[in-house]
Amino acid sequence: MDAPSHSELLAIRRQKLDALVAAGVDPFGRGFETDGPVADVRAKFAEGATLRLAGRITAHRDMGKSQFLDLSDATGRMQIFLHAKEIGDEAFHVFKQIDLGDFLGVEGEAFITKTGEPTVRVKRFEVLAKSLRPLPDKWHGVQDTEIKYRQRYLDLIANPESREVFQKRIAIVRAIRRFLEERGFIEVETPMMQAIAGGAAAAPFQTHHNALGMDLFLRIAPELYLKRLLVGGFPKIFELNRNFRNEGISRRHNPEFTMLEAYWAFADFEKMADLVEEMVCHLAETICGGLLLEHRDAEGNVTKTINLARPWRRARYADLVEAAVPSWAALSPDARRAKCAELHLDISHCVADYEVTQHVFEKLVEEKTMDPLYVTHCPKELVPLAKQNAADPSVVDVYELVINGQEISPGYSELNDPIVQRQRLEEQSGGETQKIDHDFLDALEYGMPPAGGIGIGIDRLVMMLTGAESIRDVLFFPHMKPRAD
RNA sequence: GGGUUGGUAGCUCAAUGGUAGAGCAGUACCCUUUUAAGGUAUUGGUUCUGGGUUCGAGUCCCAGCCAACCCA
């Protein structure tokens with residue numbers, strides 16, 4: 001329910017709407033030919049040229065008979081000038097019904113004002129859409145995080161810095177596709193609704209197919225279907241799309257998130273690491289202005305610096321833990337727990353010994369690592385779908401890429417032994433065989449080529465590359481609880 | 001799930017327990033090159049919701065809703 005004064009502001013705009021209709025003007029106009037988005041029109045700007053552009057009115061400077069307005073879209077802003085005597089009384093009366101936020105299409109002559117501002121002198125204009133609600137403050141923009149996230153369109157209209165983050169995200173996603181395609185990878189689509197939610201350990205969202213009378217799950221990962229395509233003979237594939245996990249929401253988690261998975265037959269995890277390193281540097285250099293990324297706070301102070309300079313450091317998991325806590329490897333499981341208490345690390349949720357070590361790794365290595373680090377030779381318990389190392393079967397041939405204190409990308413030498421894979425999945429399912437994707441295991445038995453595989457969480461990658469501190473700042477429409485009425 | 005902080009005009013923000021205010025936006029008027037235009041006047045409030053304490057609550061207490069941050 002709107003507060004009374006809000007209704008008053010709305011009522012005034014409705015009155016202007018009625019006045020437009022009374023003057024024979026359609027307040028919600030039709031198609032309008034332009035010379036392109038506002039930025040393109042600005043690029044074509046030449047004094048004396050006739051220009052046509054359309055956009056939303058974002059500023060109005062009323063000088064009486066002279067009117068200056070800013071016409072904007074997501075690409076830019078252009079000043080337009082309008083004079084009562086030049087357009088005539090009838091048109092000026094229509095113009096008087098225009099508010100900030102309305103969409104206008106204009107045609108006019110390009111000129112430069114005496115303050116040097118490129119401007120379009122309006123000869124004709126059309127009302128393209130009346131805005132019936134007032135826009136956010138033009139100077140402060142939208143500060144309220146709830147409005148930013150719930151009404152993203154207002155954030156995009158009012159906050160240029162938000163718009164820039166999303167434009168970078170769009171550019172990053174496009175560049176990833178191009179990068180992989182140029183290297184012979186093809187993009188494929190696999191089911192988002194799966195009878196068994198496999199490929200990761202996470203709680204799925206459940207739904208129901210009426211006609212088939214069966215439950216389905218939204219996928220938590222596309223992995224098992226992409227591997228079927230390796231079996232089917234596609235050697236270089238990727239999928240860049242949404243996954244769904246029915247878990248908590250936080251600064252780093254949204255129930256649906258975007259994941260890139262890529263598989264390369266006859267490659268291994270080290271080759272995949274080279275590929276990811278090259279790709280992320282390519283993104284930083286072409287979209288984010290270079291390999292040195294600076295994250296800033298609201299005041300513009302640098303809070304964090306990430307240096308992507310190659311080659312990226314590679315180190316074994318055990319060596320990293322050992323460097324963080326000397327003699328860790330020599331300690332017994334009980335001594336390790338005692339050591340954690342000494343270091344004020346809460347390991348109450350850890351059951352197995354490898355979980356204690358993993359907690360030490362997360363707190364003392366991962367969270368403190370800003371520059372890229374490939375963590376290799378991880379314990380096999382952490383990664384059930386990867387190949388065991390030939391020399392040391394207690395570890396697997398994988399990397400975990402850490403940047404910005406977060407895991408950005410895992411890469412595996414994929415397990416293609418169907419017998420070992422079956423054992424691993426059976427152990428993981430804890431005896432609940434209905435949770436095992438038997439068709440996937442059958443597929444492996446037909447033969448899957450050895451392959452390198454990667455996953456990259458696109459939202460976290462964009463956070464790292466743009467300096468966003470919350471995943472909500474890189475998602476157009478982050479998940480929110482409904483607001484009570 | 002636990003803790004901390006916040007929710008006041010359309011937006012951005014003020015307000016020792018004592019008459020709810022400002023800037024912008026809006027409205028009216030002045031102004032023929034302004035650009036956060038300027039000037040004069042002016043409208044606009046269930047202070048998130050529901051209880052309680054008090055002579056008196058935006059402010060203190062309790063419960064709830066929503067959000068941000070931290071922890072798990």
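By convention in this document, chain letters (A, B, ...) are assigned in the order of the sequence lines, proteins followed by strands, and residues within each chain are numbered from 1. The structure presented is a predicted model; accordingly, all values stated were derived computationally and were not measured.
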Query raised in the report: When only distance counts, do a donor and an acceptor, one from the side chain of Asp137(A) and one from the base of G23(B), lie under 3.5 Å apart?
Result: yes
Query raised in the report: What is the nucleic acid contact for Gly248(A), judged by heavy atoms within less than 4.0 Å: base, sugar-phosphate only, or nothing?
Result: nothing
Query raised in the report: Of the nucleotides U32(B), A67(B), C13(B), which one has an atom closest to the side chain of Gln143(A)?
Result: C13(B)
Report summary line: Walking RNA chain B from its 5' end, the first of Asp144(A) and Glu367(A) to be reached, judged by nearest nucleotide, is Asp144(A)
Requested in this report: Just call it for Arg251(A): base, sugar-phosphate, or nothing, with non-hydrogen atoms closer than 4.0 Å on any strand.
Outcome: sugar-phosphate
Requested in this report: Find the partner of A63(B): check Watson-Crick (N1-N3 plus N6-O4 or O6-N4) and G-U wobble (N1-O2, O6-N3) distances, both under 3.5 Å, and reply none if neither fits.
Outcome: U49(B)
**Report entry** Donor-acceptor side-chain pairing of Ser409(A) and Tyr399(A) below 3.5 angstrom
**Finding:** yes
Query raised in the report: Which part of the nucleic acid does Leu100(A) contact within heavy-atom distance under 4.0 Å: base, sugar-phosphate only, or nothing?
Result: sugar-phosphate
Requested in this report: For Met480(A) and for Trp139(A), locate the closest nucleotide of RNA chain B by heavy-atom distance; then report the residue assigned to the nucleotide nearer the 5' terminus.
Outcome: Trp139(A)
Query - Any Lys16(A) side-chain nitrogen or oxygen under 4.0 Å from OP1 or OP2 of U27(B) - result: yes
When the side chains of residues 73-83 of chain A are checked against the rest of the protein, which donor-acceptor pairs come out under 3.5 Å, sequence neighbours left out?
unit_1	atom_1	unit_2	atom_2	d
Asp73(A)	OD1	Thr75(A)	N	2.8
Asp73(A)	OD1	Thr75(A)	OG1	2.5
Asp73(A)	OD1	Gly76(A)	N	3.2
Asp73(A)	OD2	Val38(A)	N	3.0
Thr75(A)	OG1	Val38(A)	N	3.4
Thr75(A)	OG1	Ala39(A)	N	2.9
Arg77(A)	NH1	Asp70(A)	OD1	2.9
Arg77(A)	NH1	Asp70(A)	OD2	3.3
Arg77(A)	NH2	Glu117(A)	OE2	2.7
Gln79(A)	OE1	Arg61(A)	NH2	2.7
Gln79(A)	NE2	Thr119(A)	OG1	3.0
His83(A)	ND1	Lys85(A)	N	3.1

Query - Under-3.5 Å donor-acceptor pair between Thr113(A) side chain and U34(B) base - result: yes
Report summary line: In Arg14(A), Arg133(A), Lys130(A), the residue satisfying salt bridge (charged side-chain N to carboxylate O under 4.0 Å, His left out) with Asp99(A) is Lys130(A)
Report summary line: Partner of A22(B) under the Watson-Crick or G-U wobble criteria, both distances under 3.5 Å, comes out as U12(B)
Query - Minimum-distance pair of heavy atoms, taken over all atoms of Phe217(A) and Pro204(A) - result: CD2-CG, 3.6 Å
Requested in this report: With heavy atoms under 4.0 Å as the rule, sort Lys114(A) into base, sugar-phosphate or nothing.
Outcome: base
Report task. Record whether the side chain of Gln79(A) comes under 3.5 Å of the base of U34(B) through a donor-acceptor pair of N or O atoms. Result -> yes
Report task. Could you point out which residue of Glu47(A), Glu86(A), Glu109(A) forms a salt bridge (charged side-chain N to carboxylate O under 4.0 Å, His left out) with Arg121(A)? Result -> Glu86(A)
Report task. Output yes when at least one side-chain N/O atom of Lys481(A) is less than 4.0 Å from OP1 or OP2 of C66(B), else no. Result -> yes
Report task. Tell which nucleotide pairs with A68(B), taking only Watson-Crick or G-U wobble pairs whose two distances are both under 3.5 angstrom. Result -> U4(B)
Query raised in the report: Choosing from U33(B), A67(B), C11(B), which nucleotide comes nearest the side chain of Ile147(A)?
Result: C11(B)
**Report entry** A28(B) - base-pair partner by Watson-Crick or wobble geometry, distances under 3.5 Å
**Finding:** U40(B)
Report task. Please state whether the phosphate of G38(B), meaning OP1 or OP2, lies under 4.0 angstrom from any side-chain nitrogen or oxygen of Arg61(A). Result -> no
